[in-house]
Protein chains: 2
Amino acid sequence: MAWELCRAEGLAGLSLRDIARRIGMQAPSLYSYFDSKHAIYDAMFADGVREFVAQQPDAPTTDPVEGVKLRMRYYVAFCTADPVRYQLLFQRTIPGFEPSPESYALSVESLQALEAWLREAGLDAPGTLDLYTAIAAGLASQQNANEPGGDRWTRLIDEAAEMFVHQARVMKQRKATSGRRKK
Amino acid sequence: MAWELCRAEGLAGLSLRDIARRIGMQAPSLYSYFDSKHAIYDAMFADGVREFVAQQPDAPTTDPVEGVKLRMRYYVAFCTADPVRYQLLFQRTIPGFEPSPESYALSVESLQALEAWLREAGLDAPGTLDLYTAIAAGLASQQNANEPGGDRWTRLIDEAAEMFVHQARVMKQRKATSGRRKK
DNA sequence: GTCTATATTTGGATAGAC
DNA sequence: GTCTATCCAAATATAGAC
């Protein structure tokens, strides 16, 4: 079915009537497919995560800097391509909406995949994953909030990736050093 | 007047009735002070920016790492102390709301002050300011979205500050080098 | 300047014909 | 399964008494 159509548009302040009209239907027809408006949100949430995972490029763990650049570019492009989807999936500021456990599990999986990738790339000190998500989310968030459609922040991705990998290595080094010291 | 009271609570999905009740009034009484709900948003936006500026700590430009740590701690604490205020001021996802030119000017001023501070601290290569705001916003955004009230991201602030200053210096160095090369 | 009462609009959801 | 018609609740905003 073509529910993906409405995804590209928006829903933060959209009514069921608006959503329905965009896909050439009347509002009540939506209830043949979904129990409530939140069920629509949830389906879009799950759909968004699946698409994020499916289209994610393979990134080399043998060259962490290049790999992180690739991954960050993809993430930020995904977020800025559809700010409303970004809001639904990552900002979670839709009033009253929380994804169902099943949908949420999808996003947890995706995060674990990122964690595994970072480990494989040798970037696995505590806090490294969270630092990564903060940097990537920050670039996307600033771009969407202050200059949607522009590149004032997206053009910093490569520099940010280098910065992150450098810091991740420092963190790992510190961990090793303090570990030795403790022994 | 005590309109600041409602600021601490929330408004993303709040009605005028809710706002009014929190300050011990009835909804229509608000119209003695504001022309519309958006006018309330705008007043809260301006008020939030003013408070952000007023309470900002002095940070030493003589020790950029320490200064950035101080500033980032303050920014993230300000954002996480009141996620709804954060949404209103920095995420800008309140449906239909845009600050008035006068209110917006306040936030531009604040950003220019940050830029001036960074320059004074010697961190003034192109993109440095935007990298700073991305990192700070990313930490706040992730904390609020994924673990409101926790410290999973806030505890990374000092590390992030060190990382940022290091990168800012790299960027400045590169600029100087490429400048020489061009000459 | 604050209240009660109410107008007006809008949005989510249901009923029932086709 | 999609439509029209409609119900019901909630929200912004206004009118007018006090």
Side-chain angles (χ1 to χ4, degrees), chain A residues 1-48 82-89 91-104, chain B residues 1-48 82-89 91-104:
Chain A
M1 320 205 170
W3 298 111
E4 291 82 5
L5 287 178
C6 62
R7 190 183 356 88
E9 291 300 333
L11 88 162
L14 274 195
S15 66
L16 289 182
R17 286 168 178 80
D18 294 328
I19 295 177
R21 198 148 305 169
R22 283 190 207 239
I23 54 180
M25 288 179 92
Q26 292 299 315
S29 306
L30 295 171
Y31 286 88
S32 306
Y33 299 89
F34 302 102
D35 287 342
S36 67
K37 194 182 184 184
H38 273 45
I40 299 179
Y41 287 159
D42 197 57
M44 290 168 69
F45 181 94
D47 201 57
D82 185 343
V84 176
R85 181 179 59 185
Y86 172 64
Q87 188 186 357
L88 180 68
L89 292 185
Q91 298 203 109
R92 312 271 296 282
T93 54
I94 310 269
F97 170 68
E98 277 197 48
S100 64
E102 306 87 63
S103 299
Y104 186 64
Chain B
M1 321 206 168
W3 299 111
E4 291 81 5
L5 287 178
C6 63
R7 190 186 352 93
E9 290 301 333
L11 88 164
L14 273 195
S15 67
L16 290 183
R17 286 172 182 77
D18 295 328
I19 296 177
R21 198 147 305 167
R22 284 191 205 236
I23 53 179
M25 287 180 92
Q26 293 299 315
S29 307
L30 295 171
Y31 287 87
S32 305
Y33 298 89
F34 302 102
D35 288 342
S36 67
K37 194 181 186 186
H38 273 46
I40 298 179
Y41 287 159
D42 196 57
M44 290 168 70
F45 180 94
D47 201 58
D82 186 342
V84 176
R85 182 180 58 186
Y86 172 64
Q87 189 185 355
L88 179 68
L89 291 186
Q91 298 202 109
R92 313 271 295 278
T93 53
I94 308 270
F97 170 68
E98 279 197 46
S100 63
E102 307 87 61
S103 299
Y104 187 64

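The sequence lines fix the lettering, A, B, ..., with proteins before strands; numbering per chain opens at 1.
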For nucleotides 4-18 of chain D, give me one character per nucleotide, 5' to 3': B if any protein heavy atom sits under 4.0 Å from the base, S if the only such contacts are to the sugar-phosphate, - if neither.
BB-----BBBB----

To the nearest Å, how far apart are [X] [atom1] and [N] [atom2]?
| X | N | atom1 | atom2 | answer |
| --- | --- | --- | --- | --- |
| M25(B) | dG1(C) | CE | P | 10 Å |
| I40(A) | dG12(C) | CD1 | P | 9 Å |
| L30(A) | dG11(C) | CG | C1' | 13 Å |
| R21(A) | dT10(C) | CZ | C1' | 13 Å |

Residue list, side chain to side chain contact (heavy atoms under 4.5 Å, CB included) with Y104(A), at least two apart or on another chain:
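Partners of Y104(A) by the side chain to side chain contact (heavy atoms under 4.5 Å, CB included) criterion, ordered by chain and then number, come out as R92(A), P99(A), S107(A), V108(A).
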
Does A43(B) have any side chain to side chain contact (heavy atoms under 4.5 Å, CB included) partners at least two apart in sequence or in another chain, and if so, which?
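Side chain to side chain contact (heavy atoms under 4.5 Å, CB included) list for A43(B), sorted by chain: F34(B).
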
Measure the spacing between CD1 of I19(A) and CZ of R22(A) and express it to the nearest 0.5 Å.
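Here the interatomic distance stands at 8.5 Å.
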
Looking at G96(A), is its backbone amide N or carbonyl O close enough to the side chain of H38(A) to form a donor-acceptor pair, meaning the two atoms are under 3.5 Å apart?
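Yes: the side chain of H38(A) pairs with the backbone of G96(A).
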
Q91(B) versus T93(A), closest heavy-atom pair with distance:
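For Q91(B) versus T93(A), the nearest heavy atoms are NE2-CG2, 3.6 Å.
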
Take D42(A) and F97(A) through the test side-chain contact (heavy atoms from CB on, under 4.5 Å) and record every step on the way to the result.
CA-CA 8 Å; D42(A) 197 57; F97(A) 170 68; 4.2 Å; yes

